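See structure below.
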Amino acid sequence: MTIQPRRIALLGSTGSIGLSTCEVVRRLGGRVEIVALAAGANVELLAAQALEFRPRLVAIADPTKEAALRSRLADASKLGGSVGRLVLSPADIEVVAGPESLCRAAACEGADMVVSAVVGAAGILPTVEAIRAGKNVALANKEVLVAAGPAVMDLVRERGVSLIPVDSEHSAIFQCLDGNDRGSLRRIILTASGGPFVDVAPDELRRVTVEQALAHPNWNMGAKVTIDSATMMNKGLEVIEAMWLFGLHPEQIDVVVHRQSIVHSMVEYVDGAILAQLSEPDMKGPIQYALTWPERVERPVEPFDFARRRDLTFEPPDLERFPCLALAYDAARASGTMPAVLNAANEIAVGQFLGGEIGFTEIPERIRRAMAAHTVIETPGIDDVLRVDAAVRKELQTVA
């Protein structure tokens, strides 16, 4: 019996998750086929991916890079021969450009799953477009549910599609819930590495440099996500994402610092039983699970050595050291458009820190001020979320 390959549109193909997804696709062979690729501005890498995987459509969000992308594909076409399953010519691959091109890729005909790995709020509309088009979504962009959780989940239910988490923590929860009665769930416990500053005194954090904040002890991630891990905003965003993804109240979501990043998260049931998902820190595991779910496919990894990994520690997060986590819980309890404000303010503040405009400890202060100035819209639609997001960004970008 021939198994039809899962056909995916990969949004954010040149980022950290995108590159890992490409590795997983290579290893899975004919089980997964990439039919659309979308990236922001990295022409060289996107063109190389297009030549390797031969998608039907390639999208680049930066319209100024369209000509360069077309030129690279055309130059490769002139060489003749074939790489992969088709002989390349300019007509083989449709090239689209501009911010709306990500939505085109998300709704690409022939894709039955969209991997949403665009960083930040830029991933909201493409993910919504994928759901509207009836595609299952492997979600690696936590900001989609942070900013627009209720509206997105309503759309998921309306279209009858599956939303499968790719974040290691949410993948762990997803796996621990599989086959169990959601009504018997008491709480979930999200684990956090603590990042590079878990032992740094709060008053020393104002002297943190960008290089220090980007030096994560366990994970290799993009710059924005790595800074979020250093402030623990990443875990705060995951709290809000989990709230919508699994239908929970903030009080049912706990966070513990687990420095080894071996236990990726846990689920506690009403009878006191706790299920945990453990593995070495490697994003290719949850990516593969999302691409092959509900199947489990063999992956070439070393057997986990419990004798070597004897010290697995857990401790409460220090909210004085990591005020971003407390702000995220505040936004989760306020609900409505407040998480969108939190997310937009964080994205701008992180960008300003990376650009050397503000210090590390100014990140939570700018978020706090944006939240304090906001009047919550209690039941926002996607358009409301996007308006709030744009307004917060405009305000913070003009504040020195």
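In this chain, residues are counted from 1 in sequence order. In this text the structure is predicted, and so the values were computed from the model without any measurement.
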State, to 0.1 Å, how close Ala345 and Val392 come at their nearest heavy-atom pair, and which atoms those are. N-CG1, 3.8 Å
NZ/NE/NH1/NH2 to OD/OE distance under 4.0 Å, Glu280 and Arg308: yes
Can you check side-chain contact (heavy atoms from CB on, under 4.5 Å) on Val118 and Thr127, steps first, answer last? CA-CA 9 Å; Val118 176; Thr127 305; over 6 Å; no
Between Lys235 (side chain only) and Leu325 (backbone N and O only), is there a donor and an acceptor less than 3.5 Å apart? no
same_hphob_cluster(Ile274, Leu312) at 4.5 Å side-chain heavy-atom cutoff: yes
Step by step, would you call Ile358 with Glu365 a side-chain contact (heavy atoms from CB on, under 4.5 Å)? CA-CA 11 Å; Ile358 65 172; Glu365 286 307 313; over 6 Å; no
Got Leu10 and Cys22 here, is their nearest side-chain heavy-atom distance under 4.5 Å? yes
Do the side chains of Leu139 and Val166 get nearer than 4.5 Å, heavy atoms only? no
Heavy-atom side-chain contact between Val256 and Pro317 under 4.5 Å: no
Does Asp92 pair with Arg54 as a salt bridge, N-O distance under 4.0 Å? no
On a heavy-atom basis, which atom in Ala39 and which in Leu102 lie closest, and how many Å separate them? O-CD2, 4.1 Å
Output yes when a side-chain donor or acceptor of Arg7 lies under 3.5 Å from a complementary backbone atom of Gly110, and no otherwise. yes
Which is it for Arg393 and Asp389 under the salt bridge (Lys or Arg N to Asp or Glu O under 4.0 Å) test, yes or no, and what are the steps along the way? CA-CA 6 Å; Arg393 290 170 190 275; Asp389 177 86; 2.7 Å; yes
For the residue pair Pro196 and Ala215, what are the closest heavy atoms and their distance? CB-O, 3.4 Å
Path from Leu11 to Val32 over hydrophobic side-chain contacts below 4.5 Å: no
Any chain of hydrophobic side-chain contacts (each under 4.5 Å) joining Ile189 to Leu275? no
Please step through side-chain contact (heavy atoms from CB on, under 4.5 Å) for the pair Leu185 and Leu248, ending with a clear verdict. CA-CA 10 Å; Leu185 174 67; Leu248 302 172; 3.5 Å; yes
Fit a plane to each ring of Phe174 and Tyr289, take the angle between them on a 0 to 90° scale, and name the class: parallel (under 30°), tilted (30 to 60°) or perpendicular (over 60°). perpendicular
Side chains of Ile348 and Arg366: does their closest heavy-atom pair fall under 4.5 Å? no
Checking salt bridge (Lys or Arg N to Asp or Glu O under 4.0 Å) for the pair Glu23/Arg26: CA distance, chi angles, key distance, verdict? CA-CA 5 Å; Glu23 285 189 48; Arg26 292 185 192 102; 5.5 Å; no
Is the closest side-chain heavy-atom distance between Thr21 and Ile17 below 4.5 Å? yes
Is there a side-chain contact between Ser335 and Glu378 in this structure, where contact means two heavy atoms from C-beta onward sitting under 4.5 Å apart? no
Are any side-chain N or O atoms of Lys135 and backbone N or O atoms of Cys108, one a donor and one an acceptor, separated by less than 3.5 Å? yes
Please report the shortest heavy-atom distance between Ser168 and Gln277, naming the atom on each side. O-OE1, 4.4 Å
Same apolar cluster: Ile227 and Val208, side chain cutoff 4.5 Å: yes
Got a second to check how far Ser116's OG is from Asn141's CG, nearest 0.5 Å? 4.5 Å
Glu238 side chain vs Glu169 backbone, donor-acceptor pair below 3.5 Å: no
Of all residues at least two apart in sequence or in a different chain, which pass the salt bridge (charged side-chain N to carboxylate O under 4.0 Å, His left out) check with Glu44? Arg72
Taken to the nearest 0.5 Å, the spacing of Glu320 CD from Asp318 CG works out to 6.0 Å
Side chain to side chain contact (heavy atoms under 4.5 Å, CB included) with Met113: which of Val35, Val137, Leu291? Leu291
Restricting to non-hydrogen atoms, name the atom on Ile240 and the atom on Ala328 that form the minimum distance, rounded to 0.1 Å. CD1-O, 3.7 Å
Are side-chain heavy atoms of Gln288 and Arg27 found at a separation under 4.5 Å? yes
Tell me which one of Asp199, Asp311, Thr313 satisfies side chain to side chain donor-acceptor pair (under 3.5 Å) with Arg259. Asp199
Do the side chain of His264 and the main chain of Ser171 share a donor and acceptor less than 3.5 angstrom apart? no
Treating Glu295 as the side-chain partner and Thr292 as the backbone partner, does any N or O pair qualify as donor plus acceptor under 3.5 Å? no
I'd like to know if Arg309 and Asp305 make a salt bridge, using a cut-off of under 4.0 Å between side-chain N and carboxylate O. no
Check the pair Lys142 / Asn343 against side-chain contact (heavy atoms from CB on, under 4.5 Å), numbers first and verdict last. CA-CA 10 Å; Lys142 59 180 61 66; Asn343 180 69; over 6 Å; no
May I ask you to test the Val25-Ile8 pair for a side-chain heavy-atom distance under 4.5 Å? yes
Joint hydrophobic cluster, Val115 plus Val297, side-chain heavy atoms closer than 4.5 Å: yes
May I have the list of side-chain donor-acceptor pairs in residues 150-164 shorter than 3.5 Å, sequence neighbours left out?
unit_1: Asp154; atom_1: OD1; unit_2: Arg157; atom_2: NH2; d: 2.7
unit_1: Arg159; atom_1: NE; unit_2: Arg132; atom_2: O; d: 3.2

On the 0 to 90° scale, with breaks at 30° and 60°, tag the Phe360-Phe197 ring pair as parallel, tilted or perpendicular. perpendicular
Going from CG on Leu46 to CG on Leu51, what distance comes out if it is rounded to the nearest 0.5 angstrom? 9.5 Å
With no hydrogens and no angle check, is any side-chain donor or acceptor of Asp112 less than 3.5 Å from a backbone partner on Arg6? no
Just how far is it from atom CD of Gln212 to atom CZ of Arg207, taken to the nearest 0.5 Å? 10.0 Å
Salt bridge (Lys or Arg N to Asp or Glu O under 4.0 Å) evaluation trace for Lys224 with Asp228: CA-CA 6 Å; Lys224 194 267 182 183; Asp228 282 349; 2.6 Å; yes
My understanding is that only one of Leu28, Asp282, Val24 makes a side chain to side chain contact (heavy atoms under 4.5 Å, CB included) with Arg299; could you say which? Asp282
Just by distance, do the side chain of Thr337 and the backbone of Ile377 share a donor-acceptor pair under 3.5 Å? yes
Looking only at non-hydrogen atoms, find the nearest pair between Ala50 and Pro55 and report the distance. O-CD, 3.5 Å
Short question: side chain of Arg321, backbone of Val198 - any donor-acceptor pair under 3.5 Å? yes
Identify whether the distance between the nearest side-chain nitrogen and carboxylate oxygen of Glu109 and Arg56 falls below 4.0 Å. no
I'd like to know if Arg333 pairs up with Asp330 as an ion pair, taking the criterion as any Lys NZ or Arg NE/NH1/NH2 lying under 4.0 Å from an Asp or Glu carboxylate oxygen. yes
Keeping the roles fixed (side chain from Glu241, backbone from His170), state whether a donor-acceptor pair exists under 3.5 Å. no
Only one of Asp254, Asp167, Ile253 forms a side chain to side chain contact (heavy atoms under 4.5 Å, CB included) with Leu190, so which one is it? Ile253
